[in-house]
Amino acid sequence: IGATILQRGGTAADAMIAVQAVLGLVEPQSSGMGGGGFLVWYDAKSGQLVTLDGRETAPIEANERLFQNDKKAPMKFSDAIIGGRSVGVPGMPALMAAAHAKWGKFPWKDLFERATFLAERGFVVSHRLSNLLANERKRMSTSINTISYFFPKGKPLSQGVVLINRKYADLMRQLADKGSDIFYSGPIAGAIVDTVRDHNGNPGLLTFDDLANYAIKERPAICTKFRIYDVCGMGPPSSGAIGVGQILGMINAYPAGKMRDPQTLRLIGDATRLAFADRARYVADTDFVDVPSTELVDEQYLQSRASLLNRRDAITHVAAGEPIAFLSQRWADDISIEQKSTTHVSIIDTYGNVLSLTSSIENAFGSRLMTSGFLLNNQLTDFSFKSFTNGLPIANRVEGGKRPRSSMAPTIVLRDGKPILVIGSPGGSRIIPYVANTIVAILDWGLDVQKAVSLPHAVNRFGIYEIEKGTSLIELTKSLQKLGYDVRVRSLNSGLNAIMVKDGTLFGGSDPRREGIAIGG
């Protein structure tokens with residue numbers, strides 16, 4: 001659908017809108033109109049990078065006690081996600097509208113034709129959607145709309161079934177005719193508020209004013225030098241560009257390692273751990289917290305952090321650095337749970353514009369609340385459930401009107417100011433190492449883009465080295481253990497989608513672990 005829009009003269013922004021409208025229908029567990037996202041844009045005409053923040057926002061009535069019980073102890077994650085408490089103001093409709101206003105050429109109303117058609121005539125339920133529903137009955141049972149849609153006749157949707165969503169078709173018609181404002185005022189906004197506030201057992205705080213006051217924010221891009229390239233992406237409230245940039249900036253101090261070499265994994269893995277320590281201490285919504293964004297990716301600071309990697313075994317103790325003197329003493333560390341149900345789209349159009357969009361409703365199926373044919377997010381659970389540690393505030397604590405920290409990392413890599421790679425992935429907080437590791441595979445190891453996104457994963461965020469189940473990397477388990485790592489073999493379900501530009505030709509790669517395709521016109 002996106003490729004067709006491009007072939008008909010549409011821009012990358014036009015294609016993204018048509019793609020996102022359909023993904024919200026056929027991949028409802030991952031993203032949609034009830035969620036949000038981050039968009040990175042390279043403008044071919046001006047040569048400028050623009051990043052748009054379409055992250056969900058906490059209700060004004062919310063405070064640091066949102067996810068705490070009567071004793072001020074953090075709630076269980078499973079108790080927080082189901083129902084209205086976890087729902088933030090959706091940003092995706094406004095993000096689509098903002099992108100079209102800036103860069104669209106195609107008539108807005110025509111971008112929703114396929115989504116409307118598929119919703120009304122039906123689409124085939126995929127293997128992935130069917131599988132994910134297998135254990136969802138209990139979690140969805142508190143919403144009549146949700147359970148009746150995904151569990152007709154009391155059973156989960158089966159792969160191959162043709163599913164019709166007439167409410168979504170009607171929503172697409174209204175969106176096409178009236179624009180994204182229908183989500184922020186009027187009957188659809190009213191239905192969102194009622195669904196959130198009227199949930200039996202776990203109501204939320206969302207109001208009409210919260211919806212009416214939502215705005216897309218243009219943020220400065222965060223760029224980091226890696227070899228001869230500039231790696232650029234989304235800054236706070238996303239930790240994506242800072243995290244990816246720090247990992248690459250630290251290993252930049254060392255020669256390119258060899259694939260499947262335990263020492264290469266040690267270097268990248270411990271760089272990732274150091275980046276995550278800084279992320280936990282400093283990164284949050286910059287409208288509420290003074291995040292040292294540029295200092296965290298400063299070349300001298302990253303060289304000082306890289307010096308910690310100059311060894312042959314695992315770092316025994318990882319802590320946040322100090323990009324600004326004494327700043328580290330202001331904040332306490334936070335390790336927020338961040339779920340992995342997200343999606344990513346990379347697009348280059350015939351005009352040379354480049355778009356990288358990562359979007360999400362957070363946990364699979366979000367809050368499990370459905371209205372007007374779409375699911376509502378549970379993104380507020382990306383905030384820290386704790387507010388303070390030993391008297392120090394946590395930067396990513398809940399505050400009214402604040403946007404929760406994210407790990408989404410839509411990325412564009414440039415050489416001499418021109419894009420040579422666009423990439424991103426779903427995967428919760430593992431997004432950051434998924435993207436960084438794949439960039440290394442392409443730029444340091446010379447892999448073509450499809451081979452790079454298909455590589456087995458090895459990820460180390462917090463000290464445990466996670467090795468992808470069923471892959472050849474399992475053979476390195478003993479070597480990593482000798483270096484001092486606790487190694488766990490797990491399913492690591494990325495969803496990398498990337499395009500590389502080489503000698504004027506585009507090469508696409510789509511992660512075989514999820515549904516997706518690389519397609520050109």
Side-chain angles (χ1 to χ4, degrees), residues 1-28 30-33 37 39-44 92-93 95-126 128-129 162-165 168-169 171-177 179-180 343-359 373-374 410 419 422-424 449-450 453 495-501 504-511 514-521:
I1 289 164
T4 300
I5 294 293
L6 296 179
Q7 290 162 4
R8 292 168 63 187
T11 65
D14 294 323
M16 175 277 292
I17 293 163
V19 166
Q20 188 62 58
V22 173
L23 285 177
L25 173 71
V26 304
E27 194 186 47
S30 294
S31 70
M33 299 301 116
L39 188 157
V40 181
W41 175 272
Y42 170 83
D43 192 78
M92 183 49 64
L95 182 60
M96 293 161 68
H100 189 263
K102 283 179 173 291
W103 307 300
K105 287 183 179 289
F106 224 73
W108 169 266
K109 63 181 180 63
D110 294 345
L111 297 172
F112 303 94
E113 288 178 352
R114 291 297 296 167
T116 306
F117 176 85
L118 288 169
E120 194 161 60
R121 300 293 183 89
F123 67 93
V124 177
V125 172
S126 70
R128 179 170 171 78
L129 175 54
V162 175
L163 182 61
I164 290 171
N165 189 338
Y168 195 86
L171 181 76
M172 292 295 102
R173 289 192 191 92
Q174 292 188 59
L175 182 57
D177 292 341
S180 66
T343 198
H344 180 82
V345 181
S346 296
I347 306 174
I348 299 179
D349 64 28
T350 54
Y351 309 102
N353 301 308
V354 180
L355 178 148
S356 187
L357 171 79
T358 311
S359 61
F374 65 92
V422 52
I423 190 170
V449 69
Q450 185 58 59
V453 301
L496 291 147
N497 284 291
I499 307 169
M500 188 169 186
V501 185
T505 302
L506 308 185
F507 298 88
S510 189
D511 201 319
R514 295 205 189 197
E515 299 154 349
I517 190 170
I519 186 169

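Since this is a predicted model, take the numbers as computed values, not measurements. Note that these values count all heavy atoms, side chains included, but never hydrogens, waters or copies made by symmetry.
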J.: Who pairs with D511 by salt bridge (charged side-chain N to carboxylate O under 4.0 Å, His left out), at least two apart in sequence or on another chain?
T.: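 Partners of D511 under the salt bridge (charged side-chain N to carboxylate O under 4.0 Å, His left out) test: R513.
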
J.: Specify the closest pair of heavy atoms between W41 and A12, including all atoms of both residues, with the distance to one decimal.
T.: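 Looks like CZ3-CB, 3.8 Å.
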
J.: Can you tell me how far OG1 of T343 sits from CD of E27, rounded to the nearest 0.5 angstrom?
T.: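 E27 CD to T343 OG1: 4.0 Å, rounded to 0.5 Å.
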
J.: Hey, could you give me the NE2/CZ distance between H344 and R514, rounded to the nearest 0.5 Å?
T.: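 That separation rounds to 12.5 Å.
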
J.: Taking G373's backbone N and O only, do any of them form a donor-acceptor pair with N165's side chain (distance below 3.5 Å, no angle check)?
T.: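 Yes: the side chain of N165 pairs with the backbone of G373.
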
J.: When rounded to the nearest 0.5 angstrom, what is the spacing between CD1 in I347 and CD1 in I519?
T.: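 So the gap between those two atoms works out to 12.0 Å.
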
J.: Determine whether a donor-acceptor pair (N or O, by modelled atom type, separation under 3.5 Å) exists between the side chain of D349 and the backbone of T11.
T.: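 Not confirmed, D349 side chain does not pair with T11 backbone.
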
J.: Tell me the closest heavy-atom pair linking A13 and L355, and the distance in Å.
T.: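 Answer, listing the atom of A13 first, then L355: CA-CD1, 3.9 Å.
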
J.: Using the test side chain to side chain contact (heavy atoms under 4.5 Å, CB included), find all partners of L163 that sit at least two apart in sequence or belong to another chain.
T.: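 Expected list: F123, V125, Y149, L157.
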
J.: With sequence neighbours excluded, tell me which residues meet side chain to side chain contact (heavy atoms under 4.5 Å, CB included) with P28.
T.: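 Per chain and number, P28 pairs via side chain to side chain contact (heavy atoms under 4.5 Å, CB included) with L129, F150, L375.
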
J.: Tell me which donor-acceptor pairs under 3.5 Å the side chains of residues 97-106 have, and how far apart each pair is, sequence neighbours excluded?
T.:
{"from": "H100", "atom 1": "NE2", "to": "F106", "atom 2": "O", "distance (Å)": "2.7"}
{"from": "K102", "atom 1": "NZ", "to": "E218", "atom 2": "OE1", "distance (Å)": "3.0"}

J.: State which residues pass side chain to side chain donor-acceptor pair (under 3.5 Å) with S126; sequence neighbours excluded, sorted by chain then number.
T.: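 Residues passing side chain to side chain donor-acceptor pair (under 3.5 Å) with S126: E515.
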
J.: Can you tell me how far the CE atom of M16 sits from the CD1 atom of I5, to the nearest 0.5 Å?
T.: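 The distance works out to 12.0 Å.
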
J.: Applying the side chain to side chain donor-acceptor pair (under 3.5 Å) criterion to N497, which one of S510, S356, S346 satisfies it?
T.: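 Testing N497 for a side chain to side chain donor-acceptor pair (under 3.5 Å) against S510, S356, S346 leaves exactly one candidate, S510.
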
J.: Please report the closest heavy-atom contact between G509 and V449, naming both atoms and the distance.
T.: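 Distance-wise, the nearest heavy atoms are N-CG1, 3.6 Å.
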
J.: Test side chain to side chain contact (heavy atoms under 4.5 Å, CB included) on L95 and L357 and set out the steps.
T.: CA-CA 10 Å; L95 182 60; L357 171 79; 3.8 Å; yes

J.: Excluding sequence neighbours, so at least two apart, what forms side chain to side chain donor-acceptor pair (under 3.5 Å) with S180?
T.: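 By the side chain to side chain donor-acceptor pair (under 3.5 Å) rule, S180 matches no residue at all.
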
J.: Please find the pair of heavy atoms, one from V40 and one from P410, that lie closest to each other, and give the distance.
T.: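 That would be CG2-O, 3.4 Å.
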
J.: Work out which heavy atom in L6 is nearest to a heavy atom in T350; give both atom names and the distance.
T.: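 The pair with the smallest heavy-atom distance is O-CG2, 4.5 Å.
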
J.: List the atom pairs, donor and acceptor, that lie under 3.5 Å between side-chain atoms in residues 17-25 and the rest of the protein, sequence neighbours left out.
T.:
{"from": "Q20", "atom 1": "OE1", "to": "S359", "atom 2": "OG", "distance (Å)": "3.0"}
{"from": "Q20", "atom 1": "NE2", "to": "S31", "atom 2": "OG", "distance (Å)": "3.0"}

J.: For Y42, enumerate each residue passing the ring-ring contact (aromatic ring centres under 6.0 Å, His included) test, keeping only those at least two apart in sequence or located in another chain.
T.: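 Y42 satisfies ring-ring contact (aromatic ring centres under 6.0 Å, His included) with no residue once adjacent residues are dropped.
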
J.: Which atom pairs, one a donor and one an acceptor, fall under 3.5 Å between side chains of residues 110-120 and the rest of the protein, sequence neighbours left out?
T.:
{"from": "T116", "atom 1": "OG1", "to": "F112", "atom 2": "O", "distance (Å)": "2.7"}
{"from": "E120", "atom 1": "OE1", "to": "R173", "atom 2": "NH2", "distance (Å)": "2.8"}
{"from": "E120", "atom 1": "OE2", "to": "R173", "atom 2": "NH2", "distance (Å)": "2.4"}

J.: Whether the side chain of Y351 engages the backbone of G9 through a donor-acceptor N/O pair (distance < 3.5 Å, no angle test) should be reported.
T.: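 Yes, the answer is positive, given that a donor and an acceptor are paired below the 3.5 Å cut-off.
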
